[in-house]
Amino acid sequence: MKRRHLLLAAAGAFAYGQTGSPGFYAIQNAMIHPASGPAIPNGTIVVRNGLIEAVGPSVPVPAGAWTIDGKGLHVYPGLIDALSTWGLPAAAPAAARPATPAADAPTGRRRGGGDETPANVQFLDDGGPEDRPSNTSWLKAGDLVQPADATLTAARNAGFTTAIVFPSTGVFAGQGSAVNLSGGRAGDMVVGSPVGQYVTLPTRSTAGFPASLMGSIAYVRQIYIDAEQYKAAKAMYAQNARGLQRPAYDRALEGVLESPRILLPATRKVDIDRMIRFGKELKIPVVLYGGAEAWRAADSLKASGVPILLNLKWPEHDRDGDPDAVESLRTLETRELAPSGAAALSKAGVRFAFYTTGLERPADVRRAVKRAVDAGLSNEEALRAMTLGAAEIYGVDDRLGSLENGKIANLFVTDGDWLAERTNVKMVFVDGKKFEPAPAPAGRAE
Amino acid sequence: MHRRKLLSGILLAPFAAYAADGTVVIRNAKILTVTKGSLEGSILIRDGKIVEVGPNVNAPAGAKVIDAGGQYVMPGIIDCHSHIATDAVNEGAVSVSSMTGTGDTVNPEDIGIYRALAGGVTTANILHGSANAIGGKNVVIKMRWGKDTPEIVFDGAMPGIKFALGENPKRRGGASEGGLNTRLRYPATRMGVEDVIREAFTDAKAYKAALDDYNARVAKGERLIQPRRDLKLEPLVEVLEGKRFVHAHCYRADEILMLLRVADEFGFKIRTLQHVLEGYKVAKEIKEHGAGASTFSDWWSYKVEAFDAIPYNAALMHKKGVLVSLNSDSGELMRHLNQEAAKTVRYGGLTDDEALALITINPAKQLAIDNRVGSIEPGKDADLVIYDKHPLSNYAKVQKVFIDGQVYFDRDTDMNERAAKAERKKALAEKQKAAARPAGNGRRPQ
Amino acid sequence: MKLAAFLLATAAFAADDSFVLRNVTIHPVTSADIPNATLVVTGGKIADFGPKAAIPKGAKVIDAKGLHVYPGLIDSASNVGMSEISSVRESGDVNELGDFNPQLRAVSSVNPSSDHIPVTRGNGVTASLIYPGGGIIGGQAALMHLDGWTWEEMAVERNITMQMRIPTTTTSTFSQTFGAGRRPFAETKRRYEERLKLTGEFFEQARAYQRRKAAGGGGFTVDRKLEAMLPILEGKEQLLVFAARERAVKDALAFAAKENVKIVLAGVREPGTAVKEIAERKIPVILGETLELPLEEDSPYDSPFTLPGELYKAGVTFAFGTFSVQFARNLPFQAANAVGFGLPYEEALKAVTINAARIWGVDDRIGSIDKGKWADLILTDGDPLEGRSQVKQMWIQGRPVSLETRHTRLYEQYTKRP
């Protein structure tokens, strides 16, 4: 797969029939959308050694660059999927559960025992937070990325250059990494890591604790309390080990402590408000994800300063549902107004970004963004929500997210407005490396 | 008001949003104070509090006057056992789930709140479920429909925790669904339930001792690693210290007595016995311990431990000196607790005031909020219900409900808003149905 | 003590079925109330009543000053006597296996010793339509007096209607392990259509059987299931069709029209636009608990409360059923609750007395205080539909019936505990 990418890149270069140094490009006369500022008509952008060397209306084309005539073309920062599993193994390693509870677990229940207990019986009560169930907080997505994954190519062809990928199984699923969508080894792809801990709050489970939302929340709370205690104990021990009980090494807490922020699920306004309060209580930076009801939560989000990732898979009519069933006004309104959430957040000055979980095709992503635009979000804000907005939320905006001097040369070039139905992605640059997607089949815009 | 506009009908801000410092007079009312007899007259409300009750009160200039038209006014109903307004009820994976709490999962948008309000309920004790010998923490709320979680929580109510005895907590110790469930959980017997409680409090005492020991030694200058804070045992320590109420689900006389004796031994109090259907058999012991009893009016025979339940339970316990309340444990029953109270007149011959006390001042005392709510007296919160007939009549219906002097339910307003809400719903449903209608290829138009 | 005194009083004339109530307010239900009147019961039947009814010589006279006499209340749907403790499968006999069981009879599975029978009686219920369930056709329901040494003595009509549950399209599922879940609509629909088809086929088989039987001749053999369907096909017996929501109600109506059978709708909760047709076709309805939660989040909070009043206004004939065992004693309150929300009081009372009797075709015997009817009577200190009232005495076919129950016994026993 790696070889094919290279071949494609080479073919693209030759198509222009020019000569120049490898990885040294200048796109001239293009409409440049930097995301960090207003669009630059007839601008030039220079890419060298994987970085943006210059961008502006009157940038001279340096000698030795492959020049690309950008007439009629638009240049955008590469799109970022703000919450993704692209390139990760289909099923992340199951969250570890001890096969048998620790014998000395202070509060673990004794077994019932006795002859009447069938041999195949498992006891459900395997203890609580202290057993660290459903926890792989130490996993880092960047270590798990498979560069050959075909989804990476497909996403890149649609203009995505970066994904913030997370392991996704378990309450503490693991740590996310910002990865560029091209590279021979996982190590080449990682742009920032760890960028956060991905937390899910299961509402029901038959696999043991936590089996409910209230259990999940209590578990997360206890883990952060334990982590604080662990940190303090380790620091004390490191200062002078003599005479102190050695704090037991705990990888689940190590993983949590490594994570600069926590991602918490929040779909409805109720969840959003709840998670804002929870984040405040945990005293660590929080990023929410979901946001179907963000359209009515802009005020709370603004007041809290908590950013939110909006799922572009807007709520849809349940295809498996009873077509005659009367849906609640709440459901209908959420479906109607979910895409207006982005505009509401933008207006309120809330930091937000988009992610694409649940959308299969690039055209679906574009349409979903378009719906947000139709519901009042400006084109610029929409672009920001898929580029710089995401980079800022994860603290990687010093290197990603906009077309600015010195940033990583992640960008894509189209033959029209990126949200228009018939627009084609002509070129994608990842780390300054150029890719040209195969043209779409005739008659199809996707 | 902003929200009201968006979610027409679902989330109503208080109907008549008098300024918080507004003065309201309810005149021409038959006032059932519950604690100070009944009279015909007026109630003066200022800053959300009852200021004066009497045959004639002077309405200050500018006061909002509400003519009750000779109808009945009683204190807002208090439900000492409810599971509405929470997104989770049980954490069933463990036998001791004291680390959880309904306070973490309050859903202020649960339609159950509005429905309860329409049934005259103004305050409810939102309890964890009964799947665990020691369950999670509870939260007391006021039915301030339209407000967010922090605003519906009853400020200053004593914290509590749920216990459960008998069939429910031992249910998962036995096979269910034709023996398919082989994931059993200790305990499977009433003996085991007692054991779980004893062990948990033994652990809690040891935990407390360890903390005390640490503090004492650190105070003496010893260098020690701080013990881990355990969210499971912490609430139990609070119980031991009298800082947290125990609300214990129970049925049979034997298990009721068991719990009282375990509590005696460990030196804490059971605040309320919930359901307590055989409480009448051990009323003497309940009274001696000082526990309150919160029961059903006439539920029986739905399980083995409910076969000796009698509708005279409330009256009998009351006559034997136990502080008794009637609760709902159900979003439906909650809507007519006044009629449940009326049954104690039929079964056991309580007076009207005694019957009304079961759903007002008595549950207020059980929750230690009787300084704020539970009767119509100067100084108390203006949580009031207007009924068109005597509230103990099966023909009575709620006309208006006030919380803190503000109208949160008004039957006329509710009826007037129905048509508009139905219309909006219809319009949205049709619009979305049209949008979701499959085109020729089964997908939406491209 | 009051209660005990009554029980003693009861015992005093327990042997006879003739007596006179004097100074009583009579509520005949079918005619205007009569204050300060006399009611004469002879041989278990109402012989005479009125302000000036003559007291037969030597009659046992009960002075009921300040009290009220009403016809005994009728529950038009319950499982009283068929289930004792709902969580204990072994104590339940309501739901049989299989989809089509018209041959099953509830009557002989009613346990006359069930503690639920006196408990239900305690609030004034003297008769109950006791139905079986399970599958699509659950079996035959019986109209039972809530008193008798045996089920034979209890039975007013042994096979009075056939219980049927119209297949529905519910996508919600429930399992002990996984809790509430959802099933795809396509699957639900397939199952629903299949079950509707099965039901149609079953009726077809019954008709074919009816023709074979009528044709006589050799080779005809009895099929007990199909044989049990004949009274339905012949229009001699009504089908009691359970349908809650609009679609199910409409399906039930269409089914009745197609099969040309008489039906009574049961457990109707949100009939929507089907109300008009129910009224036009004069299909009786048995309404369930008034105090229910609305089925939909957006339904008006009081929609279950207002349904009886709405049906009344639409001209539908209905009676109340508790569809319950443990809550069967709350039948009077169920009727009362509809009154606050639009049902005229008289209609509420009728819906637990005469209208029920009419729907079940037993109004020649029960349902009102009328000459010649059985003396199924309750004596109360007030409105029997009100929670705070007391039932002081009850007669079934003129026999005084004990109001002692498991509950009153435990109450007395533990009242005495020192």
Side-chain angles (χ1 to χ4, degrees), chain B residues 9-10 111-112 114-115 117-119 167 176-177 180-181 183 280-281 283-284 298-304 306-313 315-316 319-320 331-333 335-336 339-343 345-349 352 355 388-389 392-397 411 414-415 418 421-422 425, chain C residues 2-3 83-88 91 115-116 119 122-123 175-177 289-294 296-302 304-305 325-327 329-330 332-341 345 348 383 385-391 405-415 417-418:
Chain B
I10 297 184
I111 189 69
Y114 183 72
R115 289 172 175 166
L117 197 56
E167 291 181 26
S176 67
E177 286 194 347
L180 291 179
N181 183 4
R183 290 182 65 84
Y280 67 95
K281 295 183 179 177
K284 190 174 102 177
D298 60 354
W299 287 42
W300 76 294
S301 80
Y302 47 97
K303 45 183 173 174
V304 174
F307 202 58
D308 266 9
I310 61 172
Y312 304 91
N313 189 36
L316 218 167
K319 285 174 186 170
K320 301 243 176 187
E332 193 283 310
L333 198 63
R335 310 201 296 163
H336 47 92
Q339 298 188 13
E340 300 305 295
K343 288 175 182 168
V345 178
R346 171 174 291 223
Y347 306 115
D352 285 0
D388 57 349
K389 298 196 169 57
L392 293 177
S393 165
N394 288 57
Y395 306 122
K397 59 178 175 292
R411 181 162 162 83
D414 180 281
M415 308 245 289
R418 288 179 190 182
K421 183 173 162 183
K425 185 168 165 171
Chain C
K2 245 191 239 169
L3 194 63
S83 168
E84 205 64 9
I85 299 180
S86 39
S87 72
V88 178
S91 79
D115 275 313
H116 289 274
V119 162
N123 284 354
S175 107
Q176 283 274 336
T177 313
E289 179 56 87
T290 310
L291 296 177
E292 282 284 1
L293 287 172
E296 308 294 342
E297 180 179 15
D298 299 326
S299 301
Y301 78 94
D302 60 357
F305 314 160
V325 180
Q326 66 149 316
F327 294 120
R329 65 169 151 201
N330 288 343
F333 314 139
Q334 183 175 344
N337 287 318
V339 174
F341 291 85
Y345 172 77
D383 176 1
L385 307 188
E386 271 278 29
R388 285 179 293 175
S389 305
Q390 304 281 351
V391 176
T405 70
R406 175 183 189 82
H407 299 166
T408 59
R409 283 194 299 274
L410 283 165
Y411 176 48
E412 292 195 19
Q413 183 186 346
Y414 282 93
T415 300
R417 190 193 156 191

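All heavy atoms count here, side chains included; hydrogens, waters and symmetry mates do not. Letters A, B, ... mirror the listed sequences (proteins, then strands); counts begin at 1.
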Fill in: side chain to side chain contact (heavy atoms under 4.5 Å, CB included) assessment of C/L410 paired with B/Y312
CA-CA 9 Å; C/L410 283 165; B/Y312 304 91; over 6 Å; no

Practice prompt. Using the side chain to side chain contact (heavy atoms under 4.5 Å, CB included) rule, take C/F327 and B/W299 through it: C-alpha gap first, then chi angles, then the decisive distance, then the call.
Written response: CA-CA 8 Å; C/F327 294 120; B/W299 287 42; 3.6 Å; yes

Worksheet item: Which is it for C/R388 and B/D352 under the side chain to side chain contact (heavy atoms under 4.5 Å, CB included) test, yes or no, and what are the steps along the way?
Response: CA-CA 9 Å; C/R388 285 179 293 175; B/D352 285 0; 2.8 Å; yes

Worksheet entry | Candidate pair B/K284 and C/R417, rule side chain to side chain contact (heavy atoms under 4.5 Å, CB included), full reasoning | CA-CA 9 Å; B/K284 190 174 102 177; C/R417 190 193 156 191; 3.8 Å; yes

Fill in: From CA spacing to verdict: side-chain hydrogen bond (donor to acceptor under 3.5 Å, both in side chains), C/Y414, B/D308
CA-CA 12 Å; C/Y414 282 93; B/D308 266 9; 5.9 Å; no

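With rounding to the nearest 0.5 Å, the separation of OH in B/Y395 from CZ in C/F341 is 13.5 Å. One distance of note links CG of C/L293 with CD of B/E332; it measures 5.5 Å at 0.5 Å rounding. Separation of atoms CD (C/E297) and OH (B/Y114) is listed at 12.5 Å; rounding is to 0.5 Å. Between the NZ atom in B/K343 and the CG atom in C/N330 there is a gap of 4.0 Å [rounded to 0.5 Å]. Of the inter-residue distances, the one linking B/I310 atom CD1 with C/T408 atom OG1 reads 9.0 Å to the nearest 0.5 angstrom.
Comparing C/E292, C/E386, C/Q413, C/Q390 by heavy-atom pairs within less than 4.5 Å of chain B, the highest count is held by C/E386. Listed options C/Y345, C/F305, C/Y301, C/F333 were ranked by heavy-atom pairs under 4.5 angstrom with chain B; first place goes to C/Y301. Ranking C/L385, C/V339, C/N337, C/V325 against chain B, the residue ahead of the rest is C/N337, based on heavy-atom pairs under 4.5 Å. Contacts with chain C were tallied for B/V345, B/D388, B/N313; B/V345 has the most, counting heavy-atom pairs under 4.5 Å. Highest contact tally toward chain B, considering only C/G122, C/S91, C/P294, is held by C/P294 [criterion: heavy-atom pairs under 4.5 Å].
Interface remark: B/A309 contributes backbone atoms only to the contact with chain C (heavy atom separation under 4.5 Å). Interface remark: C/V119 contributes side-chain atoms only to the contact with chain B (heavy atom separation under 4.5 Å). In this structure, the portion of B/Q339 lying under 4.5 Å from any heavy atom of chain C is its side chain and not its backbone. Proximity to chain C is absent for every atom of B/K389, based on heavy atoms less than 4.5 angstrom apart. Only the backbone of C/P418 comes within less than 4.5 Å of a heavy atom of chain B; no side-chain atom from C-beta onward does.
A donor-acceptor distance shorter than 3.5 angstrom exists from the side chain of B/N394 to the backbone of C/G387, with no hydrogens or angles considered. With hydrogens and angles ignored, the 3.5 Å screen pairs a side-chain donor or acceptor of B/K320 with a backbone N or O of C/T415.
Side-chain atoms of B/D298 and C/Q326 include no donor-acceptor pair closer than 3.5 Å. Side-chain atoms of B/R346 and C/N123 include a donor-acceptor pair closer than 3.5 Å. Side-chain contact of B/S301 with C/E84: a donor-acceptor pair under 3.5 Å is absent, judged by distance alone.
Just one of B/Y302, B/F307, B/W300 meets the side chain to side chain contact (heavy atoms under 4.5 Å, CB included) condition when paired with C/I85; it is B/F307. The salt bridge (Lys or Arg N to Asp or Glu O under 4.0 Å) test with C/D302 singles out one residue from B/K397, B/R335, B/R411, B/R115, and that residue is B/R411.
Closest approach of B/K425 to C/D298, counting heavy atoms only: NZ-OD2, 2.8 Å.
Side-chain contact between C/R329 and B/P311: present, with at least one pair of heavy atoms (C-beta onward) separated by less than 4.5 Å.
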